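All remarks here apply to the structure that follows.
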Amino acid sequence: MSSLANATDTCLSTISLAKLIRADPEIDKELLAACVKVGFFYLDCNDYESNRIVKEVEGLFQATRKTYDLPQDAKDDWIVDKDHGEDLPVCGYKRSGVSNGSVVGKKDGFEGIMVFEHALKTASKEERLAAPGPLAEQRELLSASIHDFHTVGLAILSSLSRALGLPDGQGFEHFHRLDEKCTTALGLLKYRKYTPTDEQVGHIAHTDAGSLSFVFSNIGGLQVLMPGSEQWSFIAPRHGCAIVNVGDSLQFLAGGCLRSSLHRVVPHADQEREEKYTVVYLMRPESDAMLKDPQGNEWRSVDWCNKKFAVFRADLAEMKLGSFLTGREGYTGMVTPKEIAVEMAQVM
Ligand SMILES: O=C(O)CCC(=O)C(=O)O
Ligand SMILES: [Fe+2]
């Protein structure tokens with residue numbers, strides 16, 4: 001269906017974080033337009049508080065690289081392969097290749113670590129953080145950056161609520177109160193270097209379960225299916241900018257008027273030379289927030305997240321049932337190895 005052969009870098013709106021935090025009136029309209037049309041935008045963090053977030057993200061990349069350089073055994077100690085119960089661990093790890101990937105017949109090509117916001121906040125300060133060494137050593141950085149991302153997320157949610165004219169007290173931010181129990185997590189991902197014979201490649205096409213995702217990567221590979229087309233386009237990483245997207249929960253809270261966009265990660269020419277690392281803040285509503293999907297079914301926020309994870313882990317036949325994964329009935333948005341070969345040959 002889709003062809004990588006025509007894939008190009010897409011052009012997204014850029015929102016200034018400094019203006020957003022100042023609640024500049026222009027921003028409300030710009031942000032709403034971006035979230036209605038594409039559901040993806042760049043958030044330029046370079047102009048905010050002497051680059052605080054940019055520096056934090058650099059620190060997180062360093063800690064991520066160190067963590068993935070640990071021996072496999074040390075990472076396996078943190079494996080989590082089950083639903084989010086009521087009490088989340090501080091940290092969970094998944095190996096590469098445990099789910100379906102973005103290429104037909106291949107498994108996923110990334111290792112992932114999730115650091116859960118609520119568990120991190122409530123963890124005993126007297127004890128060492130229950131996380132791999134390089135992350136436990138960076139507890140302050142993890143806490144500070146997660147706090148900053150939450151603040152930025154609330155500013156986006158308030159801006160969208162203003163732009164939509166939601167009554168006072170009913171804005172999206174009220175479903176994301178600081179300190180309430182939630183499945184919000186900081187994801188630290190490492191994608192394998194790409195070789196055509198590798199059986200583990202990319203990240204399957206999906207919409208995000210939560211409200212807002214903030215993605216930072218060293219190299220390309222992330223693609224969005226542009227609304228109203230069958231064209232997948234690369235979203236190039238930009239220094240100091242988060243690539244922000246709307247997830248299912250916010251789409252549901254907004255009654256469908258904000259777009260939870262379909263995206264995936266496929267090999268990019270840069271990935272033949274180096275591994276792709278991603279730092280992603282996955283902001284999700286409070287666990288007890290109630291959501292209504294497009295079919296009118298009601299979900300507790302935590303149950304919607306768990307449903308998505310179960311689909312991620314399922315075999316292909318089960319994945320295709322319903323529209324949980326991609327928002328489209330039976331659609332998996334996979335590419336063929338041939339399409340990748342054509343794309344790579346064009347770029348070289
Ligand atoms: O690694 C990326 O570029 C995207 C990651 C992503 O889509 C996710 O974690 O939900
Ligand atoms: Fe995603």
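Each ligand, and each atom within it, is numbered from 1 in the order the structure gives. What you see is a predicted model; the values in this text were computed from it and never measured.
Set against the non-hydrogen atoms of D208, the atoms of ligand 1 under 4.0 Å away are 10 (O). Atoms of ligand 1 found under 4.0 Å from any heavy atom of V265, numbered from 1 in the order shown, are 1 (O), 2 (C), 3 (O), 4 (C). Annotation for ligand 1: atoms under 4.0 Å from non-hydrogen atoms of T278 are 1 (O), 2 (C), 3 (O).
Of all protein heavy atoms, the one closest to atom 3 (O) of ligand 1 is K276 NZ, 2.9 Å. Here the heavy atom of the protein found nearest to atom 5 (C) of ligand 1 is Y191 OH, 3.8 Å.
The closest approach between any non-hydrogen atom of R264 and ligand 1 is not below 4.0 Å.
The Fe ion (ligand 2) has an N, O or S atom of H206 inside 2.8 Å of it.
No more than 12 heavy atoms of other residues, nucleotides or ligands shown are found within 6.0 angstrom of NZ on K320.
Aromatic ring orientation, F110 versus H203: parallel (interplanar angle below 30°, classes split at 30° and 60°). Ring-plane geometry between W304 and F252 is classed as perpendicular, the angle between the planes exceeding 60 degrees on a 0 to 90 degree scale with a lower cut at 30. Note: W299 and F324 have perpendicular aromatic rings, judged against thresholds of 30 and 60 degrees for the angle between ring planes.
Take the N/O/S atoms of D208: the one nearest the Fe ion (ligand 2) is OD1.
Judged purely by distance below 3.5 Å, without hydrogens or angles, the side chains of D248 and T207 pair a donor atom with an acceptor atom. Looking at S96 and Q200, their side chains do bring a donor and an acceptor atom within 3.5 Å of each other.
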